[in-house]
There are 2 protein chains.
Amino acid sequence: MTDYPIPAMDDVELVEVLRAVADPIRLHIVGVLADGEAHPKTVDDWGVDVTKSTMSHHFKILRESGLTRTLVEGRTHCIQLRRVELDEKFPGLVDALTR
Amino acid sequence: MTDYPIPAMDDVELVEVLRAVADPIRLHIVGVLADGEAHPKTVDDWGVDVTKSTMSHHFKILRESGLTRTLVEGRTHCIQLRRVELDEKFPGLVDALTR
DNA sequence: CCGATAGTTCGATGATTGTCGAACAATTTG
DNA sequence: CAAATTGTTCGACAATCATCGAACTATCGG
């Protein structure tokens, strides 16, 4: 059971979060995650035309920036926004990114 | 009298704005501009340790992204946030970036 | 155990980026 | 006009980045 570490919100820097969403695909992912739900990482479901490995790369950058967490259930990995923490640390940011 | 063109706000894309602020120096510049005033571009006043040409480069990216405008008065160039337009197009974004 | 499924990790590669110094342009001042 | 001031532009360079395919790990179903 692999563990996917996320940074403590105290260590999350705004400029790193911005760097994470400063990419069309990653911004789109965050837009989909705006509903707060955990979404399976299955490539087909995201409507973007890149390979598995590229998607995995984007998911990793989002996670390491502090924006998301990964939930593992068996073979299925789900990704979810860390909304509550983000709203506390960067008020209005997620809203502004996902309107 | 050189003219520094800025994109119409209709043509400004969120991901380009994010790309512009996804750099420590440029985010810092935007933070200084948060007061809404026009600031002279004079390097010494920004508290960052880069050359004139690098600053000029950053100012250009901010302007082309749609975040700022440049006001020319003689030898002095001033930079200013396009706050009203930005707040209308991306509600809460500038606030979240400069809180 | 075996094959299929779901993702990650690992090079490699081509494109983009931040930085600098030098040259250039425009304006003010002596 | 000449020199100084303020900033832009250009070329170069090293570092970073998005992307891919291949190999790998882990889980589920038969």
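Below, chains carry the letters A, B, ... as their sequence lines are ordered, and counting in each starts from 1. The analysis underlying the following values was restricted to heavy atoms, covering all of them including side chains, and did not include hydrogens, waters or symmetry mates.
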**Prompt:** Would you call B:Glu85 and B:Arg69 a salt bridge, taking side-chain N to carboxylate O under 4.0 Å as the test?
**Reply:** yes
**Complete:** Numerically ordered, the residues 13-25 of chain B set in heavy-atom contact under 4.0 Å with DNA chain C is B:Arg19, B:Asp23, B:Ile25
**Request:** Please name all residues satisfying salt bridge (charged side-chain N to carboxylate O under 4.0 Å, His left out) with A:Arg83, sequence neighbours left out, ordered by chain then number.
**Result:** A:Asp87, A:Asp95
**Message:** Tell me the interatomic distance from B:Asp45, atom CG, to D:dG7, atom C1', rounded to whole angstroms.
**Reply:** 14 Å
**Asked** For A:Asp45, does the CG atom sit with more than 12 other heavy atoms under 6.0 Å from it, leaving out its own atoms?
**Response** yes
**Prompt:** Taking C-beta and beyond as the side chain, do B:Leu33 and B:Thr98 meet within less than 4.5 Å on heavy atoms?
**Reply:** no
**Request:** May I have the distance from B:Arg26 (atom CZ) to C:dG18 (atom C1'), rounded to whole angstrom?
**Result:** 8 Å
**Request:** Could you check B:Thr54 against B:Thr51 for side chain to side chain donor-acceptor pair (under 3.5 Å), going step by step and ending with a plain yes or no?
**Result:** CA-CA 5 Å; B:Thr54 298; B:Thr51 63; 3.2 Å; yes
What are the atom names and distances for every N/O pair under 3.5 Å that joins the protein to nucleotides 3-5 of chain D?
| residue | atom | partner | partner atom | Å |
| --- | --- | --- | --- | --- |
| D:dT5 | O4' | B:Arg75 | NH1 | 3.1 |
| D:dT5 | O2 | B:Arg75 | NH1 | 3.3 |

**Item:** Close residues, residues 27-42 of chain A, relative to DNA chain C [heavy-atom separation under 4.0 Å]
**Value:** A:Lys41, A:Thr42
**Asked** Under a 4.0 Å heavy-atom cut-off, which of residues 46-69 of chain A touch DNA chain C?
**Response** A:Lys52, A:Ser53, A:Ser56
**Non-neighbouring partners of A:His57 that pass side-chain hydrogen bond (donor to acceptor under 3.5 Å, both in side chains), sequence neighbours left out** = none
**Message:** Under the rule for side-chain contact (heavy atoms from CB on, under 4.5 Å), what residues qualify as partners of B:Lys52, not counting sequence neighbours?
**Reply:** B:Val43
**Prompt:** Partners of B:Ser65 by side-chain hydrogen bond (donor to acceptor under 3.5 Å, both in side chains), sequence neighbours excluded?
**Reply:** none
**Request:** Could you tell me the separation between the CD atom of B:Glu73 and the P atom of C:dA26, rounded to a whole number of Å?
**Result:** 19 Å
**Request:** Only counting residues at least two apart or in another chain, list the ones meeting salt bridge (charged side-chain N to carboxylate O under 4.0 Å, His left out) with A:Asp35.
**Result:** none
**Residue that, paired with A:His58, satisfies side-chain hydrogen bond (donor to acceptor under 3.5 Å, both in side chains) out of A:Arg63, A:Lys41, A:Arg26** = A:Arg26
**Any residue meeting salt bridge (charged side-chain N to carboxylate O under 4.0 Å, His left out) with B:Asp23, in chain and number order, not counting sequence neighbours** = none
**Fill in**
Between CD1 of A:Ile79 and P of C:dA6 the distance, given in whole Å, is 17 Å
**Prompt:** What pairs of residues pass the ring pair (Phe, Tyr, Trp, His ring centres under 6.0 Å) test when at least one of them lies in residues 77-99 of chain A, not counting sequence neighbours?
**Reply:** A:Tyr4-A:His77
**Item:** side-chain contact (heavy atoms from CB on, under 4.5 Å) involving B:Val32 - partner list, sequence neighbours excluded
**Value:** B:His28, B:His39, B:Trp46
